[in-house]
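Notes follow the structure.
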Amino acid sequence: MNIEEALIKDSIKSIAELFGAEVTANQLQFQKTKKEFDGNITLVVFPLLKITKKNPELSGQEIGNWLKNNSTLVNDFNVVKGFLNLVLSNAIWLESFNAVLKTDDFGFNSVPSGKTYMVEYSSPNTNKPLHLGHLRNIFLGYSVAEILKANGHKVVKTQIINDRGIHICKSMLAWQKFGNGETPDSSGLKGDHLIGKYYVKFDQVYKEQIAELISNGKSQEEAEKEAPIILEAREMLLQWEAKDPTVYSLWKTMNDWVYEGFNATYKTMNVDFDTLYYESDTYIYGKDIVEEGLKKGSFYQKEDGSVWCDLSSDKMDDKLVLRADGTSVYMTQDIGTAIERFKDYPDLSGLIYTVGNEQNHHFKVLFSILRKLGYSWAEECYHLSYGMVELPEGKMKSREGTVVDADDLMSSIVNDAKEMTQERGHIDSLSETERETLYSTIGLGGLKYYLLKVDPKSKMMFDPKESIDLNGNTGPFIQYTYARIKSVMRNCENLPLICDNNMDLQEIEIEIIQHILDFPSVINKAGSDFTPAVIANYSYELVKLYNSFYQSVSILKEENQNLQDFRILLSKSVGEIIEKGMKLLGVNVPERM
RNA sequence: GGGCCAGUAGCUCAGCUGGAUAGAGCACCUCCCUUCUAAGGAGGCGGUCAAAGGUUCGAAUCCUUUCUGGCUCACCA
């Protein structure tokens, strides 16, 4: 039983004895006592006035008195307006802290939930390199997957790779026409960047041709449709679908280059996937489902032969699921892919899609259709929707060249971390390799933390200058505290296992214990709300408390052995929680920095 | 036009199942290294929580209206 549960129990008893009334746990509102008042936990008495039939002040006094005399938890109390501030005994805090020390993997749910979730993230197009928007997506998806694991779920990480379609043909065609056989090896470019170069090249030529056609009297629309290079690209798409050997082998070669490039980027990011889905495989899924749905009456057919789903029960417009010519639309694929995934992983409970909020409506429709088709797991599908990343100068626009490339950003941020670490770090004892690792731990940690500390749902501002900042609410700030704790541990001769239950504690020490005790519920909330941001904010608060403690009391120089043991253990415990919290964000922590 | 989301300090963000005088960081201004890592700490400055109504003991939080911004309402993906 945790402290709040015990307090609720005692409070229920107090009200029964004092006022002869039964209250339920949710009528008792406990909150952390505000800094400016004495106490640790506060009972808000306003909701109880109907029962006490006395004014707030008096009600608080009576309940406080009863608790002080009858509850082993409560040492003292004071009442301010309608707030009953309770001072709990040191022993309670120390007992709870000792319980934390004895818990394996404190904060993580050790009981398997029996559920498996598939988390989809990244899911890039194979025609250009990853950019800043992907970074938010990837860090978010990875982190949520880790958080779900910490909540006792099994997780399968995946992506759907958009490897076919007209956009892929564009870069293939441009390479064929203008590439002179250039390869990643011959050019020294990463595969994804090489392909991206030809995608841009295509667009240039296309624009030139459009301009020329317009100057010859065509309308914008006509010109866009009739430019020779776009006609060639469309032709190539047809050849690809017919599995033309030349086109197909070119496609394979170029995609392999891209994958090699992506894999290098994922490695730098330190993220991974358990299984991959390729759109070139999955685009044919879904048609059979539509047939079935039509038979079952979940869908209907129009006169032209196109198939639709009636979503009026969910207050949405009807959705096309198959064109009149029998070809698939995006939705058809998504329906098929979802069902296919449940076939591949029969014990799956639900799917989490990490996709930008411009597709909110799409996923609402998708889940609605899946429900209509009778799949009960549709209830456990979730669109992990995130807001756009904006730059100080506005939105990223590829046409205006304001796209922030993922590889460039990561390497420049690691480089910044390097400079700052060389300036002020404690790195004398580190080898060259260890230093390089440290730079990337700090740089990438800072970047990930920056992108994850904001609630996923809201759009966010990415200021490159601020993202490499080391002070305040940042990754390096948290990493620094961890390194400090590690340093204390290195200087400490024997590590105690458990601490005494009877000693005087500083206010700040109690606050830290109190914060530590919140860790499990924070992980729980992060998991049920799919938001790493609460882990980031929690960790930041913990670190601030610890830094304040570190500054105001001495740990290893404390002469009272019991107190010293306690402070060492408190430090150790904070360090472990930082490490776990950061791990859930995909952020590494350094032994020294 | 319909739907969804957002608007909190100069800037970036917490807080939103209603609770005390609305919190952090950055920036700006003071202090603190003979102490276990100063990438730190202590303090100051800074707010009509977009606006107006309503609900109530109590509203940044819930409801209504308005304003502003974003996304969306494709036989694109």
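All values reported here derive from a predicted model rather than from experimental measurement. Labels below follow one simple rule: chain letters A, B, ... track the order of the sequence lines, proteins then strands, and each chain is numbered from 1.
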Checklist entry - Can you check the A:Q551 CD to B:rC33 P distance for me, whole Å? => result 11 Å
Checklist entry - Considering only heavy atoms and no angle criterion, is a donor-acceptor pair shorter than 3.5 Å present between the side chain of A:H426 and the base of B:rU37? => result yes
Next on the checklist: Regarding A:K315, tell me which of base, sugar-phosphate or nothing describes its non-hydrogen contacts under 4.0 Å with the strands shown.
Outcome noted: nothing
Checklist entry - In terms of base orientation, is B:rC33 syn or anti, with the syn window spanning 90° either side of 0? => result syn
Next on the checklist: Strictly by Watson-Crick or wobble contacts shorter than 3.5 Å, is anything paired with B:rC26, and which nucleotide is it?
Outcome noted: B:rG10
Item to check | Carboxylate-amine/guanidinium proximity below 4.0 Å for A:D314 and A:K319 | outcome: no
Next on the checklist: Need one value for A:V553: base, sugar-phosphate or nothing, where a base atom within 4.0 Å counts as base even if backbone is also close, heavy atoms only.
Outcome noted: base
Checklist entry - With sugar-phosphate meaning primed atoms plus P, OP1 and OP2, does A:M593 contact a base, only sugar-phosphate, or nothing at under 4.0 Å between heavy atoms? => result base
Checklist entry - Contact class for A:Q564 vs. all strands (heavy atom < 4.0 Å): base, sugar-phosphate, or nothing? => result nothing
At a cut-off of 3.5 Å, list every protein nitrogen or oxygen paired with a nitrogen or oxygen from nucleotides 14-21 of chain B, distance to 0.1 Å.
from	atom 1	to	atom 2	distance (Å)
B:rA14	OP1	A:D455	N	3.0
B:rG19	N7	A:Q29	OE1	3.3
B:rA20	N7	A:Q31	NE2	3.2
B:rA20	N6	A:T42	OG1	2.9
B:rA20	N6	A:N85	OD1	3.2
B:rA20	N1	A:N85	OD1	3.1
B:rU21	OP1	A:K81	NZ	2.7

Next on the checklist: Taking donor-acceptor contacts at under 3.5 Å, does the side chain of A:D304 reach the base of B:rC75?
Outcome noted: yes
Checklist entry - How close or far is atom C1' of B:rG3 from atom NE2 of A:H362, stated in whole angstroms? => result 17 Å
Next on the checklist: Once you apply a heavy-atom cut-off of 4.0 Å, does A:T421 come out as touching a base, just sugar-phosphate, or nothing?
Outcome noted: base
Contacts table for residues 532-539 of chain A: side-chain donor-acceptor under 3.5 angstrom, sequence neighbours left out:
from	atom 1	to	atom 2	distance (Å)
A:N537	ND2	A:A533	O	3.3
A:Y538	OH	A:H515	O	2.7
A:S539	OG	A:I535	O	2.7

Checklist entry - Distance from A:Y283 atom OH to A:D163 atom CG, nearest 0.5 Å? => result 10.0 Å
Next on the checklist: Could you tell me how far B:rU66 sits from B:rU30 if I compare only their C1' atoms? Round to whole Å.
Outcome noted: 45 Å
Checklist outcome for this item: Answer for the Watson-Crick or wobble partner of B:rG19, both distances under 3.5 Å, is B:rC57
Checklist entry - Which is true for A:N162 with a 4.0 Å heavy-atom rule: it touches a base, it touches only sugar-phosphate, or it touches nothing? => result sugar-phosphate
Checklist entry - Hey, does A:N360 reach any base, or is it just sugar-phosphate, or nothing, if we go heavy atoms under 4.0 Å? => result nothing
Next on the checklist: For A:E221, is the CD atom crowded, meaning more than 12 foreign heavy atoms sit under 6.0 Å from it?
Outcome noted: no
Checklist entry - Do the charged groups of A:K287 and A:E291 touch, with an N to O distance under 4.0 Å? => result no
